[in-house]
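Here's the structure we're looking at; comments come further down.
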Amino acid sequence: MMRGAPSVRRTLLIAVALPLLLFFVLTAYAIDYVFGQQSAAALRVRLEEQVVALVTAVDLDFDGKLVVNLLDPESRLDVPGSGQYAALRDDTGKLLWSSPSLAGTDLVLGSKLPVGGVDFHYDVARDGSPVAELSRGLQWAYGAGLSKKLVFTAADSTAPQMRERLLFRQRMAGWFGALDLVLLATMAWMMRRALAPVRRLEQEIAALERGRASQLGEGYPRELAGVTTGLNALLESERNRIVRYRDTLGNLAHSLKTPLAVIRASLGGVESGERRSAATIQLEIDRIAQIVEHQLKRAAAGGGATLGQAPVPVLALLSDLRAALLKVHAGKDLHIEIDAPAELGFLGDSGDILELLGNVVDNACKWCRSRVLVAARFDPDRALPRRLSIVVEDDGPGIPPELRTRVIERGVRADEHVPGHGLGLAMVRETVGLYGGQFFIDASTALGGARVELRLPGR
Amino acid sequence: MRVLVVEDEAALREGLKADLSAAGYSVDLAADGEEGLYAATEYPIDVAIIDLGLPKLSGFELIRELRARGKTYGVLILTARDRWQDKVEGLSAGADDYVAKPFHFGEVQARLSALLRRTGGWASPKLACGPLELDTRTQAVSVSGAAVELTSFEYRILEHLMLRAGEVISKSDLTERLYQQDFDRDSNVVEVLVGRLRRKLDPDELIKPIETLRGRGYRLSLPRRPA
């Protein structure tokens with residue numbers, strides 16, 4: 001797979017999931033904040049009530065000393081470390097009374113406060129439990145014109161609130177997390193449904209590329225229908241164009257070569273005095289014929305698989321070619337062996353592969369003593385995309401190493417005695433190149449002659 | 001040898017006819033597929049040259065049809081496209097060999113005589129029966145190694161008999177192969193030519209190469225042997 005833009009599905013999923021996640025986190029934060037505010041306010045209200053209760057519980061005894069009468073016999077103020085504390089100081093900050101519950105907590109409750117002063121703060125007890133503390137400075141009247149300036153302090157452990165808050169947070173996280181997951185799953189499912197046509201398009205294009213289909217199907221949603229019908233039309237017109245192109249070239253070949261043949265035939269009847277110029281014209285006709293031949297073949301070679309083309313069955317093609325070549329070389333004691341699995345297919349134009357194999361195998365038949373071996377299989381050197389390796393060997397004289405590159409060049413023949421223009425292998429090289437394939441000439445170890453290998457796209 | 005040329009291009013058709021006649025063939029011409037099919041099935045053709053791009057009935061169809069009608073003589077296709085696709089299709093349809101346009105006449109002639117030999121069951125261009133030898137390339141004839149001079153008509157009769165050595169060939173068959181389709185046919189000419197041929201090949205009547213089968217025709221009865 002080539003690296004390109006990230007997949008639409010992934011982009012969409014990220015685009016939806018990220019804001020969703022951010023939304024949930026912010027919402028959770030806001031709810032948590034409000035909850036915290038409310039529980040702090042409730043705590044303060046409770047502490048105010050306790051201060052009031054403390055105020056009502058303070059009294060003077062007969063000696064004029066301050067006493068605290070806790071009305072509730074089960075008050076938590078009496079239980080050490082109970083979490084509820086209270087203290088009383090005078091306006092100089094001197095501690096007048098503190099609740100028994102303070103014992104062992106190391107908490108110092110209250111401080112110097114003017115009348116009307118309020119102090120609210122948090123502290124930590126020795127055991128690490130957090131404590132909220134509210135102090136109020138009050139003018140405490142205990143008779144006509146008699147009053148004392150006192151500081152009342154109530155404190156409460158906030159551990160229960162903290163626990164409650166933690167529990168709240170956990171629950172909230174649980175619910176929001178679950179909701180988030182459900183939402184994401186829904187989104188993913190919806191996206192999958194919404195993108196199903198895109199996936200289908202992807203699969204159909206893959207099928208086109210492998211040649212298992214020649215057109216995209218019907219029934220695409222409106223947004224894609226334009227693309228698919230356009231692509232279908234393009235495929236169709238491309239195929240038609242290629243056919244038309246080939247036909248035109250074929251007609252061109254026919255209309256050019258027939259007059260050449262006529263000229264050549266009529267030159268036979270030229271007077272003996274004109275023989276020399278007739279020979280020159282013959283030579284020039286040969287040249288023109290070769291040029292026409294070469295350029296037309298070159299133009300006709302398709303090069304590369306067109307979308308939606310079925311793979312060409314190589315074995316069937318080789319069998320036809322074998323029968324044809326046995327006829328053409330009937331004067332020779334010729335044995336052509338074919339070794340190819342039936343499922344082997346060439347991805348490209350059938351005319352091109354036939355042209356390639358026709359040239360190479362025909363060459364082998366011309367040069368061999370009696371045996372030609374054609375072996376086709378999947379190229380073991382490359383897994384995907386699959387490639388064919390077609391090896392043609394013969395038991396002829398072979399091609400000497402110094403000639404191997406030259407015989408591929410246009411117009412060069414290893415030996416002038418065997419008919420052919422010498423263009424064959426140059427054409428083979430060019431066509432193989434158009435398909436991004438490879439072409440090697442070597443010596444055959446099995447038969448002792450030439451060994452030509454073609455590597456081409458296959459399936 | 002009687003050859004059928006099916007080619008729509010008049011100049012090429014006439015050119016081939018001139019060259020083939022000069023090379024000693026009797027030539028039948030057809031300008032399109034239908035005409036070609038008529039000639040191919042009605043005349044005693046020995047070999048046919050068929051262009052693939054024909055009007056009315058394409059070369060492929062023509063070949064398939066004449067093969068379907070049991071004609072077994074050699075068929076040489078002319079192709080302008082020179083793509084293997086055309087060659088393989090033509091050869092699969094029943095043709096035996098191909099020549100790409102524009103061709104040298106020499107190539108056509110070489111392929112034709114090879115086809116004629118092949119349909120007669122000969123592998124090499126040298127035909128040999130008993131002491132008799134005939135080289136189709138040089139048109140040289142010898143008996144026991146001694147060269148024999150033959151006229152064009154005599155050579156053509158001998159080549160035909162040797163190509164089909166062992167088979168009985170009727171007088172009318174030989175006549176048709178010697179002359180064009182619209183020639184005045186006189187079977188006496190064949191008798192005269194065969195008589196001259198016998199005297200030239202076997203002046204002492206030792207090997208008796210050509211048998212006469214009364215009412216049926218002639219047969220070259222010497223055993224074939226590899227040259």
Side-chain angles (χ1 to χ4, degrees), chain A residues 246-247 249-269 282 285-286 288-290 292-293 296-297 300-301 317 319-333 349-362 419-421 423-424, chain B residues 5 7-20 22-23 51-54 74-111 113-115 117-119 121-125:
Chain A
R246 291 259 164 84
D247 283 354
L249 285 171
N251 294 341
L252 187 62
H254 192 267
S255 48
L256 279 174
K257 287 191 204 166
T258 307
L260 284 177
V262 172
I263 297 173
R264 187 176 273 162
S266 22
L267 279 176
Q282 284 281 16
I285 290 171
D286 285 353
I288 295 171
Q290 279 197 15
V292 168
E293 182 78 35
L296 284 178
K297 272 194 177 175
L317 195 119
S319 308
D320 285 352
L321 184 63
R322 177 177 182 272
L325 285 172
L326 283 177
K327 275 188 174 177
V328 173
H329 299 278
K332 200 165 180 172
D333 175 31
D349 180 69
S350 65
D352 285 348
I353 179 89
L354 189 53
E355 197 59 27
L356 288 175
L357 292 176
N359 270 309
V360 174
V361 183
D362 186 40
H421 314 123
L423 288 170
Chain B
V5 176
E7 163 66 61
D8 55 326
E9 187 71 31
L12 198 55
R13 191 168 63 234
E14 295 303 329
L16 272 173
K17 176 176 176 157
D19 286 333
L20 287 167
D51 185 28
L52 284 181
L54 289 173
V75 172
L76 179 67
I77 47 180
L78 293 182
T79 154
R81 296 193 193 200
D82 197 21
R83 294 266 296 169
W84 275 97
Q85 208 159 21
D86 285 354
K87 295 178 202 165
V88 170
E89 196 188 340
L91 293 164
S92 313
D96 299 285
D97 206 351
Y98 67 90
V99 172
K101 283 185 190 173
F103 45 80
H104 286 280
F105 178 69
E107 197 177 348
V108 173
Q109 201 184 2
R111 306 258 168 165
S113 56
L115 274 187
R117 272 189 280 112
R118 263 150 56 187
T119 37
W122 293 92
S124 97

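So you know, we letter chains A, B, ... as the sequences are listed, proteins then strands, and number each from 1. Scope of the values below: all heavy atoms of this structure, side chains included, with no hydrogens, waters or symmetry mates.
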Roughly how far apart are Lys327(A) NZ and Lys87(B) NZ, rounded to 0.5 Å? 15.0 Å
Specify the closest pair of heavy atoms between [X] and [Y], including all atoms of both residues, with the distance to one decimal.
X: Gln85(B); Y: Glu355(A); answer: N-OE1, 4.5 Å
X: Leu321(A); Y: Trp84(B); answer: CD1-CE3, 3.9 Å
X: Arg111(B); Y: Val328(A); answer: NH1-CG1, 4.4 Å

Heavy-atom distances under 4.5 Å only: say whether Ala330(A) touches chain B with side chain, backbone, both or neither. both
Is it the side chain or the backbone of Asp51(B) that comes within 4.5 Å of chain A heavy atoms, both, or neither?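 Just its side chain gets close to chain A.
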Side chain / backbone / both / neither for Ala18(B) at chain A, heavy atoms under 4.5 Å: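 Answer is neither: Ala18(B) stays 4.5 Å or more from chain A.
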Show the numbers, then the answer: is there a side-chain contact (heavy atoms from CB on, under 4.5 Å) between Asp352(A) and Arg83(B)? CA-CA 9 Å; Asp352(A) 285 348; Arg83(B) 294 266 296 169; 3.6 Å; yes
